[in-house]
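Just below is one structure, and these are the notes that go with it.
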Amino acid sequence: MFNVKLLFDISKHVDKYHQNIFQRVAIISYLCKLKKNNLYYNKINTTTMKKEFPKAYEPILSEDKWYPLWLENKIFAADNNSNKEAYSILMPPPNVTGILHFGHVLNSTLQDIYIRWKRMQGYEVCWFPGMDHAGIATQARVEKELKATENLSRYDLGREKFVEKVWEWKEKYGGIIFNQLQKLGISTDWDRTLFTMDESASNAVKEVFIRLFDEGLVYKGKRIINWSPLAQTALSDEEVEFKEINEKLYTLRYYFEDSNDYLMVATVRTETIFGDIAVAVNPNDERYKHLIGKNVIVPLVGRKVPVIPDEHADPEFGTGCVKITPAHDPNDFLVGERHNLDIINTINPDATLNENAGEFAGLDRFEARKRVSKKLEELNLIEKVEDYAHNVGISQRGGEPVEPLLSDQWFVKMKPLAELALKVVQDGEIKFHPNHWIKTYEHWMNNIKDWCISRQLWWGHQIPVYYTEDGRFTAAIDEAHAREKLGLDANVALKQEEDVLDTWFSSWLWPMTTMGWMNDHKTESTPDLEKFLPTDLLVTGPDIIFFWVARMIMATEKFKGEIPFKDVYFTSMIRDGQGRKLSKSLGNSPDPLNIIAKYGADAVRFTMIFLAPLGQDVRMDVDVDAQDIPSMEIGRNFANKVWNAGRFLNMKLDQAIENNNGNSDVCIDENTLTTADKWIRSRYNTTIEKLNQSLSDFKVTEYSKMLYDFIWRDFCDWYVEIVKIQFNDADSAKQVAIAKFAIEIYEGILRMLHPVMPFITEELWHLLSGKDDNETISTQATPMPNNTHIDSNIEDKLALVQNIVEEIRKLRSSTSIPPSQKLPVAIAIKENAIREVFSEAKNVIAGMAKCSELEIAESVEKPSSSLSSVVREIEIFVSLGDAIDLDKERERLEKEIARLEGNIRACEKKLSNEKFVSNAPADVVAYEKEKLDSMKESLLKVKDNLANL
RNA sequence: GGGCGAGUAGCUCAGUUGGUCUAGAGCACCUGCCUUACAAGCAGGGGGUCGGGAGUUCGACUCUCUCCUCGCCCACCA
């Protein structure tokens, strides 16, 4: 037998252990164990019960308790064999090197809200998680570590050993972000986690490459590409960012071969003159027309090069003459192609100058620029030097300026893929939220360029192309397959392409690889694909609309003939108080885990969506030094409010049952419901409807705001306060009914709240229902509105009651009478129907507005020494006795008269405007008339009250 | 240069097809409260010529034009 006394003692001291989370967890798990064995709920005295419902919500206890239970009970597991309608989301795979940042927090919360909401709606829900191998980032990371620990470069190790090292690193550190994400409480089907380098995914990658190759959509070509000297690899256009940099613009003298005249040519990059092969002028430029065909001498180099006509030269810019360096400028390369010019490469892959630079060979490009410029100056070949701000391409990963470099690379022809992908978005088959992103998408699709997919890295999918010694090649699964395709004997030696594929080349297959497409070069369809493709929603940042979203649409259309997802939700960017993007390099982002530890996962989730409107950036008051985001209090305070409402209702129910001699079997009788009861029920159903609608419309912020307002304002501020009063007026059986009724509403709102605040709602649901730990709120049904309970008439009536209560409070607070002192109040209401409601709610009004006595009648005599107010023709008198300050009251009433008169004038003016009366809709005119009458009536009463003061 | 978005209270933002808006909320601020869940709370209060200008309309925060400011994306001229 367990010892109740011991348990009581332990829980009594929970607060003392407040500083020690581990001890608290231990105690709670002990309590849980007891609860599991059904030992505590019925048998422990009320003092101990209260300990189960601490005064403040303690997130860590719920978080550590429920997540493991959800996993254990396989709540997140999806069944592709189920009869239920499917709902699925693909998690944007975080980088294997990634650690949790606030982008993930927002993104994951949004996905989890939809996943949980749909799960509760009875869908077969699957959230596919996974991780990206992140070629450049991961390789750089491991290289750095290798250097630091063993002082080795990847070349020292060799390709095979190095790749092994990366795998080791991945096994050791790769999963960190998943553990971090679990702290957020997200409900992904972890058993389906896919890594983009897994064999199944790699097979699909190969398959796609081979198919595109065979179709001629993948080709190898010598092109100017963006070269990253740091990573020593090609980059795609999307991996280059442009940044304005201040540099010097040198105007150089290019002398004619046969005279002392010269052309002036401007350049920033003096170190590239070794690759100069021509000077271009615009063919229509009158200044230079006659010089076309002549030769000039490249300064310092001494090479004779022709003056050629080309549209590329802009007469408006600079001198109108451009030096042409095909090997180191994409535009010059095109000029070179048009004029059949030689190409002289002068820069090495590590961005040092090569032998073509003569005495400058071996120098880094920037050092070389300084030295070349100096030398040019010494030789008096510089006309002038100016400060010059221009955009320079920067490697997104390494941050160094990219070098345009001519090299052999693999490309995907994008035009044919883009057509269908553009159509499905334009036709609305795929919807963007917010939909203005369509324009950006269209622009990119219409101007799409071929995609450079080869990377000179070791970590990634090695391109499945095999070469014979004599230079023939094909794309194939393996050597045998290649020999078969090339018609070669088994003994012919083959060599595989050394380059690997761009990481996005595996990411764009994500909708298919997560579901097992071509995992073995054979399987076109799987139960997952049949059940879950197309997925329903993609939640991602607009920054990867080209990298990922567009390409997934292309690939899935191309290879599956389907759209990958139906809706795309583009998230907000998280910024700091100064509007800067939160980023590691700026060091302006606190660790989300610290914030979660401080405020609780639910609070963080709630605050994030509360603050992050669809499609607009969010500014947050981050404090990195303190590792704090004070606005997270919104969510924490709200969680606490929800918690305390539950705690209070639970307490009331216990009390009621105790008063009712332990009999809890009391049904709620429709006939005994008060106006307030019907009001909260109506508000509840109205709110439920709107909440579901908001989520359907992807208005998640609206959803959070409505929950906040309903729970805090309607339910807590008004209904729970009313319940207190109704409780006092009821017999014990009725008390049980009242508490149960309130709890029923509360339980519904918990279910509606669960998608955004999973932990606290789970905890409260169990505390209130006494359900076994292995049951969960996350599979209970989403509340649906009961339209027969929506009654706008009742809502209006109670709104009027609220107005009156507020008005009485306002009158009171204009005095210095303490809130605890109750005052006599009289209310005159002419309209019968309203008066009835007020009479029924008499005790409620008296309680809420602190009335010692309350008279409600068709007309009342103005009590002496009273404050008065008129609201919608209802007169209110609050008797003050000696405490009244007549001057103050007179002043107040005069102000009110002035206000009313002003409004009446405006209203009369409007109504005397013939055009308004004839053009405005009848109901608007009627409303104005009604308003005018009402205001006139009020004015009379206020004037009367002033006179009688 | 092209495109997109935003400018509403000190701050962060709501404001649905123009009329019930005397423009709301949270935070901050001021006043009073330990009122039988919650001080992470309760009650009340002050604070905005809705970026400027023009127009359409009986009526504009809302629609049109224009200008100003800020942010993002794309392109890129040596």
Side-chain angles (χ1 to χ4, degrees), chain A residues 53 55-57 242 249 251 265-269 272 279-280 312-314 316-325 329-332 388 390-391 393 434 436-437 439-440 442-444 447 542-543 545-546 573 575 577 579 581 599 603 610-611 613 615-621 630-631 633-652 655 699 701-702 705 708-709 713 716-717 720-721 724 727-728 806 809-814 816-820 847-850 899 902-903 906 910 913-921 923-925 927-928 930-931:
Chain A
F53 241 123
K55 195 169 173 181
Y57 171 59
F242 285 88
L249 182 67
T251 302
V265 178
T267 183
V268 170
R269 306 199 58 193
T272 62
V279 170
H312 169 57
D314 177 3
E316 305 292 314
F317 188 88
T319 61
C321 305
V322 198
K323 73 190 198 68
I324 301 300
T325 320
D329 183 288
N331 285 309
D332 292 5
Y388 185 60
H390 70 144
N391 286 331
H436 66 77
W437 286 108
K439 296 221 169 162
T440 308
E442 279 176 344
H443 182 260
W444 191 71
N447 296 284
D543 49 332
I545 187 168
F546 309 134
M573 196 85 87
R575 300 180 176 281
K581 195 175 157 179
Y599 295 96
F610 189 83
L611 293 179
Q616 252 173 254
D617 292 354
V618 201
R619 279 185 182 218
M620 289 203 303
D621 46 348
S631 53
E633 283 180 10
I634 297 170
R636 185 198 55 180
N637 294 357
F638 179 54
N640 196 234
K641 190 72 185 177
V642 173
W643 179 259
N644 271 291
R647 185 163 91 108
F648 176 74
L649 294 177
N650 181 58
M651 195 185 82
K652 280 290 172 194
Q655 265 175 26
K699 293 175 179 166
T701 300
E702 197 177 277
K705 293 210 151 84
Y708 189 93
D709 285 343
R713 306 270 85 98
C716 291
D717 286 355
V720 170
E721 291 306 316
K724 286 181 187 171
F727 211 79
N728 291 340
E806 279 164 351
R809 286 170 176 169
K810 216 181 286 179
L811 289 178
R812 290 188 56 118
S813 69
S814 67
S816 52
I817 294 173
S820 48
M848 299 287 277
K850 301 257 184 282
R899 188 187 69 90
N903 286 343
K910 209 172 190 181
N913 182 341
E914 227 175 273
K915 284 181 174 173
F916 170 72
V917 179
S918 52
N919 286 334
D923 57 328
V924 173
V925 178
Y927 172 78
E928 288 294 328
E930 206 176 292
K931 197 166 85 178

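Computed over heavy atoms, backbone and side chain alike; hydrogens, waters and symmetry mates excluded. Order of the sequence lines fixes the chain letters, A, B, ..., with proteins taken first and strands second; residue numbering starts at 1 for each chain.
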| Contact class for A:Arg575 vs. all strands (heavy atom < 4.0 Å): base, sugar-phosphate, or nothing? | sugar-phosphate
d(A:Leu249 CG, A:Arg269 CZ) to nearest 0.5 Å is 13.5 Å
Tell me whether A:Asn919 contacts the main-chain N or O of A:Lys915 through its side chain, where contact means a donor paired with an acceptor under 3.5 Å.
yes
In this structure, OG1 of A:Thr272 is separated from CG of A:Asp329 (nearest 0.5 Å) by 8.5 Å
task: Could you measure between the two C1' atoms, the one in B:rG3 and the one in B:rA9, and give it in whole Å?
output: 33 Å
Sticking with atom P, work out how far B:rG45 lies from B:rA25, rounded to a whole angstrom. 10 Å
Gap in Å between the two P atoms, one belonging to B:rU17 and one to B:rU62, rounded
13 Å
To the nearest angstrom, the CE-C1' distance between A:Met573 and B:rG5 comes to 12 Å
A:Asn391 has its side chain closest, among B:rA75, B:rU35, B:rC58, to B:rA75
**Report entry** Polar side-chain contact A:Asn640-B:rC38 base: donor and acceptor under 3.5 Å
**Finding:** no
Here the distance between atom P of B:rG71 and atom CG of A:Asp543, to the nearest Å, is 18 Å
By the Watson-Crick or G-U definition, both distances under 3.5 Å, B:rG7 is matched with B:rC68
note: A:Met848, atom CE; B:rC33, atom P; distance rounded to Å ~ 21 Å
Contact class for A:Asp617 (heavy atom, under 4.0 Å): base, sugar-phosphate, or nothing?
sugar-phosphate
Of the candidates B:rA40, B:rG44, B:rA37, the side chain of A:Glu806 sits closest to B:rG44
Original post:
How is A:Gly635 classified with respect to the nucleic acid when contacts are heavy atoms under 4.0 Å: base, sugar-phosphate, or nothing?
Top reply: nothing
Heavy-atom closest pair (A:Ala639 atom, A:Tyr57 atom, distance to 0.1 Å) is CB-CD2, 4.1 Å
Paired to B:rC29 by Watson-Crick or G-U wobble criteria (both distances under 3.5 Å) is B:rG45
Base, sugar-phosphate or nothing for A:Pro613? Non-hydrogen atoms, less than 4.0 Å.
sugar-phosphate
Could you check whether A:Phe242 gets within reach of a base, just the sugar-phosphate, or nothing at all, counting any heavy atom under 4.0 Å? base
pair_partner(B:rC61), Watson-Crick or wobble, both distances < 3.5 Å, evaluates to none
Atom CD of A:Glu316 and atom P of B:rA78 are separated, to the nearest Å, by 16 Å
Regarding A:Thr267, tell me which of base, sugar-phosphate or nothing describes its non-hydrogen contacts under 4.0 Å with the strands shown. sugar-phosphate
When all nucleic acid strands are considered with a 4.0 Å heavy-atom cut-off, which category describes A:Asn447: base, sugar-phosphate, or nothing? nothing
- Message: By the 4.0 Å heavy-atom rule, please label A:Asn913 as base, sugar-phosphate, or nothing.
- Response: sugar-phosphate
Taken to the nearest whole Å, CG/A:Asp717 to P/B:rA40 is 17 Å
Assign each of A:Val618 and A:Ala920 the nucleotide of RNA chain B bearing its closest heavy atom; nearer the 5' end lies the nucleotide of A:Val618
Considering only the P atoms, how many Å lie between B:rC63 and B:rU69, rounded to the nearest integer? 23 Å
NA contact type, A:Tyr388, heavy-atom cut-off 4.0 Å: base, sugar-phosphate, or nothing? sugar-phosphate
**OP:** Quick one: label A:Arg619 by what it contacts on the DNA or RNA (base, sugar-phosphate, nothing), any heavy atom closer than 4.0 Å.
**Re:** sugar-phosphate
Value for NE2 (A:His443) from CZ (A:Phe546), rounded to nearest 0.5 Å, stands at 8.5 Å
**Item:** Pairwise P distance, B:rG48 and B:rC11 [rounded to whole Å]
**Value:** 13 Å
What's A:Val917 touching, base or sugar-phosphate or nothing? Going by heavy atoms closer than 4.0 Å. nothing
Next on the checklist: On the six-membered ring of A:Phe648, is A:Lys724 placed so that its NZ or CZ lies under 6.0 angstrom from the centre and within 45° of the ring axis?
Outcome noted: yes
- When only distance counts, do a donor and an acceptor, one from the side chain of A:Lys439 and one from the base of B:rC4, lie under 3.5 Å apart? no
Looking only at B:rC58, B:rU20, B:rA37, the nucleotide nearest the A:Lys915 side chain is B:rC58
The reported gap from OH in A:Tyr708 to OG1 in A:Thr701 (rounded to nearest 0.5 angstrom) is 14.5 Å
If pairing means Watson-Crick or G-U wobble with both distances under 3.5 Å, then the partner of B:rC76 is none
* **Presence of donor-acceptor pair under 3.5 Å, side chain of A:Lys724 and base of B:rA37** => yes
Separation of B:rC33 atom C1' from A:Arg812 atom CZ, nearest Å, is 11 Å
If you measure from the P atom in B:rG18 to the same atom in B:rC58, how many Å do you get, rounded?
15 Å
Closest of B:rC4, B:rC42, B:rG26 to the A:Lys641 side chain is B:rC42
TODO: Please measure how far the P atom in B:rU16 lies from the corresponding atom in B:rG7, and state the result in whole Å.
DONE: 12 Å
Atom OH of A:Tyr927 and atom C1' of B:rU20 are separated, to the nearest Å, by 3 Å
The nucleotide from B:rA78, B:rA39, B:rG41 with an atom nearest the side chain of A:Lys55 is B:rA39
Taken to the nearest whole Å, CD/A:Glu633 to C1'/B:rU12 is 14 Å
With the side chain defined as heavy atoms from C-beta on, A:Met651 is closest, among B:rG41, B:rU22, B:rA37, to B:rA37
Full working for side chain to side chain donor-acceptor pair (under 3.5 Å) between A:Asn644 and A:Arg647: CA-CA 5 Å; A:Asn644 271 291; A:Arg647 185 163 91 108; 3.2 Å; yes
Checking B:rC58, B:rU22, B:rC74 against the side chain of A:His443 (C-beta onward), the nearest is B:rC74
**Q.** Pair A:Glu928-A:Lys931, salt bridge (Lys or Arg N to Asp or Glu O under 4.0 Å): steps then yes or no
**A.** CA-CA 5 Å; A:Glu928 288 294 328; A:Lys931 197 166 85 178; 3.7 Å; yes
Of the candidates B:rG19, B:rC4, B:rG26, the side chain of A:Tyr708 sits closest to B:rG26
> Looking only at N and O atoms, is any donor in the side chain of A:Glu721 or the base of B:rA43 less than 3.5 Å from an acceptor on the other one?
Replying inline: no
When both distances are under 3.5 Å in a Watson-Crick or G-U wobble arrangement, the nucleotide paired with B:rU35 is none
The nucleotide from B:rG19, B:rG44, B:rA40 with an atom nearest the side chain of A:Pro921 is B:rG19
*Between A:Lys850 and A:Ser820, is there a donor-acceptor pair closer than 3.5 Å when you use the side chain of the first and the backbone of the second?*
no
In Watson-Crick or G-U wobble terms, with both distances under 3.5 Å, the base opposite B:rA23 is none
Quick note, A:Phe648 side chain, CB onward, closest among B:rG44, B:rA37, B:rC73 is B:rA37
* Tell me what A:His390 touches on the nucleic acid: a base, only sugar-phosphate, or nothing, going by heavy atoms under 4.0 Å. => sugar-phosphate
C1' atoms of B:rA43 and B:rU57, separation to the nearest Å
44 Å
